[in-house]
Amino acid sequence: QFPPDRCAIDPNTNQTFVLRNDCDATPWQLGAVNFGSVIFLLVATMLLGRYLKHQEVQFDEDEQTAQDYSVKISNPPPDAKDPDEWKRFFQENCDGAHVTVCTIAVDNDFLVRTLLERRERLRTIANMQEPGSSMNMLDLARVAAQEERKRNFWQRLLAMVAPGIPEHFSRLVALNAKVEGLAQLDFPVTNIFLTFETEKDQRNVLTSLSVGSLKADRNDTKAVSDPKYLFRGKHVLNVSEADEPNTVRWQDLNAGAWQKFKERAFTMICTIVAIVLVAFLIDVVNNVSSIGAAFTISIFNTAFPMFAKILTGFEAHPSEGQKQTSLYFKIAVFRWVSTAVIFQIITPFTRSLMDEGGLITQVYALFFADIVTTNALQLADVMGHLKRHILAPRAATQDAMNLNFQGTEYELAERYTDMTKILFLCLWYCSIYPGSFFLCSFSLGIKYFVDRFCLMRSWKKAPQLGAKISLFSRRYFFTMAIGVMAIISSYYWSGFPFDNLCPNDSINSTYEGSFTIFPLDQGNDGTGINVTFTPSDVDYRFCNQNFMEPGSGFTFPFVPTSTSENTNPLEWMTDDQITTTTYFGWAALGIAGVVVLRFFYGWFGMFMSLFKSSYSAVGDDQNIPFSKVASRSAYIPQVASPLFAYPLVACNTDKIDEELYDWEDSDRDYRYYDLSKDAKKLLSGLNVEEPPGFSVVRHYPPPSEN
């Protein structure tokens with residue numbers, strides 16, 4: 001019932017003594033201040049949400065992008081591969097809407113992955129040779145054969161781990177044969193991206209054609225307001241606002257719902273296993289040193305995002321925003337549990353207020369470790385300096401050097417959770433450690449300046465993710481954090497004095513007199529403590545003050561009237577404590593109910609979007625034609641590779657206006673990055689004009705531009 005470091009024994013009488021916390025007084029004023037902080041943060045969170053929503057609209061209006069003019073159709077007929085047909089449909093049925101760019105994406109993921117690997121193998125072989133060496137297949141075959149002939153036993157063994165030119169060439173031959181077969185196939189159409197000339201046209205299309213996604217998937221022709229909105233007179237289109245072009249993950253657009261479910265279930269199980277393993281390790285370290293446990297948590301909080309990124313890489317997400325949201329969830333769960341919850345679980349209830357090994361000491365150590373380690377590692381940017389100052393000057397080609405100067409890649413989800421974990425830690429322990437508010441503000445202030453420095457100096461440019469992570473964080477994190485703050489604060493106020501001791505009416509006569517006692521965790525070899533008790537003193541009995549005691553049942557709300565077989569709050573609570581816990585406990589229950597209702601309200605809205613349109617225009621129409629937007633870009637299928645400084649294009653680039661790309665290579669033409677040219681070259685013996693297995697992008701400039 002009591003840990004050994006809180007117990008002592010007199011070896012002469014074998015009588016046991018227990019340490020009592022001298023903090024009976026819990027003035028109602030302290031509880032009122034804590035309760036006021038909960039209400040203040042609740043109101044502040046609501047106002048912050050409104051402010052951020054207003055700012056999102058203002059930012060969207062200040063900068064026009066392709067998203068403001070574009071729609072996505074996720075259920076087109078598999079054979080609808082003619083851009084002219086789509087252009088005519090919208091022009092004839094949507095008040096003359098002018099389609100400026102039409103992108104028809106097909107289910108050619110396997111072909112694109114094969115072409116991407118082929119390019120990467122060629123680039124790897126080129127990097128292994130002297131600059132300017134021939135990349136002709138016959139020359140590569142000769143080089144591969146020569147190198148393989150020279151190898152001894154150990155070199156052949158090493159090649160199984162670190163492939164050389166012969167291994168890469170063998171794989172290249174297989175990839176060429178695979179491309180020659182796949183490029184001759186015709187793949188079904190899966191997604192259509194349409195960019196209109198005006199915002200008015202886009203909003204009109206979304207308003208007129210949007211129906212519930214379930215009704216569109218079932219092709220419920222009664223769901224449309226006018227039969228003219230049926231494509232080819234019989235297809236209900238699932239139309240939605242498109243994401244930004246540089247956030248579309250073209251390789252993941254065609255993944256099915258069951259595939260996505262399996263992937264997310266697997267990655268979530270891996271995340272839970274990681275949390276359990278780290279919790280066990282922290283418990284072991286904490287038994288040795290609370291400072292060491294704090295730095296262990298900080299190190300794992302820094303390292304886990306890399307593991308979470310690998311896990312998220314196994315998931316299919318149609319947009320970078322959805323990928324970041326999934327990554328945010330994994331990192332947030334790990335960091336919130338490892339930072340705030342684990343210490344609560346592994347620290348015995350009666351040690352909560354102890355100076356050494358207590359919660360307050362551990363929380364302070366966590367803040368200190370986070371302020372020092374994470375910011376120091378971020379500013380050090382070891383890999384960034386290594387690439388820029390060591391690897392880049394020694395790069396064999398311009399492309400290799402450019403890759404080393406791209407900057408350190410960062411994840412917006414990781415930066416969000418780095419902030420929210422500190423706020424979550426503060427809100428969890430603020431009732432017993434009010435100083436956490438000051439440490440939290442200090443930590444967030446330092447992180448702001450460090451992040452600003454890295455954003456300007458060392459980080460790689462990130463895609464235009466929009467407000468998805470911000471919206472997810474406001475909708476779930478801030479709402480949940482305030483609910484947790486109210487519940488945990490009411491729990492801590494109910495637990496004072498955290499010693500599981502209740503006074504008896506008098507003292508047992510056997511405890512009267514003087515005793516020399518020794519702490520149980522030190523044995524008789526420790527330093528004895530002399531204590532004296534008189535008949536005017538009282539002794540104490542065990543009483544469970546922990547409403548969340550494992551094995552004793554969970555009692556909620558944490559109010560004096562919540563009695564159970566193992567807990568009777570009136571035995572230990574003072575009058576002020578009874579007052580504080582009464583209004584705090586019931587208020588926490590009310591706030592928790594509001595949080596749950598808020599979640600269900602959002603989920604209900606998502607459920608209703610299956611049956612009816614959820615589109616509503618955001619902001620005002622800026623009346624700026626798409627062709628006049630300075631930073632315009634189009635939905636051009638692309639795939640990124642760590643071996644290339646720029647993405648590879650998965651469609652024919654011949655008829656695409658160069659101004660529609662959101663990147664530019666000053667040394668090479670866009671045709672160099674065109675994967676369809678690779679396939680056409682491999683099929684040159686068949687006299688194929690254009691390989692049929694690629695997506696199509698068609699640009700229709702407005703009449704004034706023509």
Taking atom CE as the centre, does Met608 end up with more than 12 heavy-atom neighbours from other residues, nucleotides or ligands that are less than 6.0 angstrom away?
yes
For the student: nearest non-hydrogen atoms of Ser436 and Cys426, plus distance:
OG-O, 3.5 Å
Heavy-atom check, side chain of Ser338 versus side chain of Asn301, under 4.5 Å:
yes
Measure from the side-chain N and O atoms of Tyr410 to the backbone N and O of Lys461, and report whether any donor-acceptor pair falls under 3.5 Å.
no
For side-chain contact (heavy atoms from CB on, under 4.5 Å), just list the numbers for Ser319 and Val248, CA-CA rounded to whole Å, side-chain angles, deciding distance to a tenth of an Å, and then say yes or no.
CA-CA 4 Å; Ser319 70; Val248 176; 5.8 Å; no
Ser70 (side chain) donor-acceptor with Gln67 (main chain) under 3.5 angstrom
no
Tightest non-hydrogen contact, residues Pro318 and Lys72, listed as CB-NZ, 4.4 Å
Can you spot which of Phe584, Trp493, Phe547 makes a ring-ring contact (aromatic ring centres under 6.0 Å, His included) with Phe558?
Phe547
Are the side chain of Ser633 and the backbone N or O of Tyr661 linked by a donor-acceptor pair below 3.5 Å?
no
Write down the atom of Ile291, the atom of Ala365, and the distance for their closest heavy-atom approach.
CD1-CB, 3.6 Å
How many angstroms lie between CG in Leu391 and CG in Asn404, if you round to the nearest 0.5 Å?
5.0 Å
Test the Arg388-Phe405 pair against the cation-pi criterion, namely NZ or CZ under 6.0 angstrom from the six-membered ring centroid and within 45° of the ring axis.
no
So Phe334 and Phe304, would you call those rings parallel, tilted or perpendicular, with 30° and 60° as cut-offs?
parallel
Run Leu214 and Phe611 through side-chain contact (heavy atoms from CB on, under 4.5 Å) and show every step you take.
CA-CA 6 Å; Leu214 188 62; Phe611 305 97; 3.6 Å; yes
Please report the interatomic distance OG(Ser431) to CD1(Ile488), rounded to the nearest 0.5 Å.
8.5 Å
Could you walk me through whether Tyr51 and Leu47 satisfy the side-chain contact (heavy atoms from CB on, under 4.5 Å) test, starting with their C-alpha distance in whole Å, then the side-chain angles of each, then the deciding distance to 0.1 Å, before giving a yes or no?
CA-CA 6 Å; Tyr51 172 74; Leu47 295 177; over 6 Å; no
Kindly compute the distance separating CG (Leu455) from CZ (Arg452), expressed to the nearest 0.5 Å.
10.0 Å
Donor on one side chain, acceptor on other, Asn34 and Tyr492, under 3.5 Å
no
Under a 4.5 Å cut-off applied to non-hydrogen side-chain atoms, are Lys468 and Leu471 in contact?
no
Excluding sequence neighbours, so at least two apart, what forms salt bridge (Lys or Arg N to Asp or Glu O under 4.0 Å) with Asp252?
Arg249
Does the side chain of Thr65 come within less than 4.5 Å of Glu63's, by heavy atoms?
yes
Hey, does the side chain of Thr302 reach the backbone of Ser298 with a donor-acceptor pair shorter than 3.5 angstrom?
yes
Can you list everything that forms a side-chain contact (heavy atoms from CB on, under 4.5 Å) with Asp217? Sequence neighbours excluded, please.
Asn238
Are Leu427 and Val484 side-chain neighbours, meaning at least one heavy-atom pair lies under 4.5 Å?
no
Taken in chain and number order and not counting sequence neighbours, the residues that satisfy side chain to side chain donor-acceptor pair (under 3.5 Å) with Trp250 are none
Residue Phe437 excluded, over 12 heavy atoms near CZ under 6.0 Å
yes
Step through the shown structure and confirm whether more than 12 heavy atoms of other residues, nucleotides or ligands are within 6.0 Å of CZ on Phe329.
no
Check residues 267-280 and write down every donor-acceptor pair under 3.5 Å in which the side-chain atom is one partner and the other belongs to a residue at least two apart or another chain.
from   : atom 1 : to     : atom 2 : distance (Å)
Thr267 : OG1    : Glu263 : O      : 3.2
Thr267 : OG1    : Arg264 : O      : 3.0
Thr267 : OG1    : Glu315 : OE2    : 2.5
Thr271 : OG1    : Thr267 : O      : 2.9

Classify the side-chain pair Asn246/Glu320 by whether it contains a donor and acceptor separated by less than 3.5 Å.
no
Heavy atoms from other residues, nucleotides or ligands near CZ of Phe599 exceed 12 (cutoff 6.0 Å):
yes
Side-chain H-bond candidate by donor/acceptor type, Asp451 with Gln378, under 3.5 Å
yes
Value rounded to 0.5 Å, distance of SG in Cys454 from CE in Met456
11.5 Å
Apply side-chain contact (heavy atoms from CB on, under 4.5 Å) to the pair Ile446 and Phe442, showing each step before the final yes or no.
CA-CA 6 Å; Ile446 291 179; Phe442 181 67; 3.4 Å; yes
Of all heavy-atom pairs between Met485 and Ser489, which one has the smallest distance, and what is that distance?
O-OG, 2.7 Å
Tyr328 vs Trp336 aromatic rings, parallel, tilted or perpendicular, using cut-offs 30° and 60°?
perpendicular
Is Arg171 salt-bridged to Glu120, going by a charged N under 4.0 Å from an acidic O?
no
Between Trp663 and Gln638, a side-chain donor and acceptor under 3.5 Å
yes
Taking C-beta and beyond as the side chain, do Arg598 and Val595 meet within less than 4.5 Å on heavy atoms?
no
What pairs meet the side chain to side chain donor-acceptor pair (under 3.5 Å) rule with one or both residues in residues 603-618, with sequence neighbours excluded?
Tyr476-Trp603
Does a donor on one side chain sit under 3.5 Å from an acceptor on the other, for Thr479 and Arg475?
no
Sidechain-backbone polar pair: Asn286 side chain, Ile282 backbone, donor-acceptor under 3.5 Å
no
Which is it for Ser74 and Asn191 under the side-chain hydrogen bond (donor to acceptor under 3.5 Å, both in side chains) test, yes or no, and what are the steps along the way?
CA-CA 5 Å; Ser74 56; Asn191 290 274; 5.2 Å; no
Begin with the C-alpha distance, continue with both residues' side-chain angles, and end with the deciding distance and a verdict on salt bridge (Lys or Arg N to Asp or Glu O under 4.0 Å) for Glu56 and Arg474.
CA-CA 13 Å; Glu56 289 168 6; Arg474 293 199 310 269; 2.7 Å; yes
Closest approach of Ala634 and Pro245, non-hydrogen atoms and distance?
O-CB, 3.4 Å
Looking at side-chain heavy atoms only, is the closest gap between Gln324 and Glu411 below 4.5 Å?
yes
Separation between OG1 of Thr347 and CD1 of Ile360, rounded to the nearest 0.5 Å
11.5 Å
Rounded to the nearest 0.5 Å, what separation is found between the CG atom of Leu366 and the CG atom of Leu359?
10.5 Å
Near Lys53 NZ, under 6.0 Å, is it more than 12 heavy atoms from other residues, nucleotides or ligands?
no
Over 60° means perpendicular and under 30° means parallel, so classify the ring planes of Phe424 and Trp428, tilted if in between.
tilted
Report the residues that fulfil side chain to side chain donor-acceptor pair (under 3.5 Å) with Lys447, sequence neighbours left out, ordered by chain and then residue number.
Asp370, Thr374, Asp418
Count the heavy atoms of every other residue, nucleotide or ligand shown that sit under 6.0 Å from NZ of Lys387, and state whether that count exceeds 12.
no
Where Thr103 and Pro637 come nearest, the two heavy atoms and their spacing:
CG2-CD, 4.0 Å
Ignoring hydrogens and angles, state whether a donor on the side chain of Thr417 or Arg335 is under 3.5 Å from an acceptor on the partner side chain.
yes
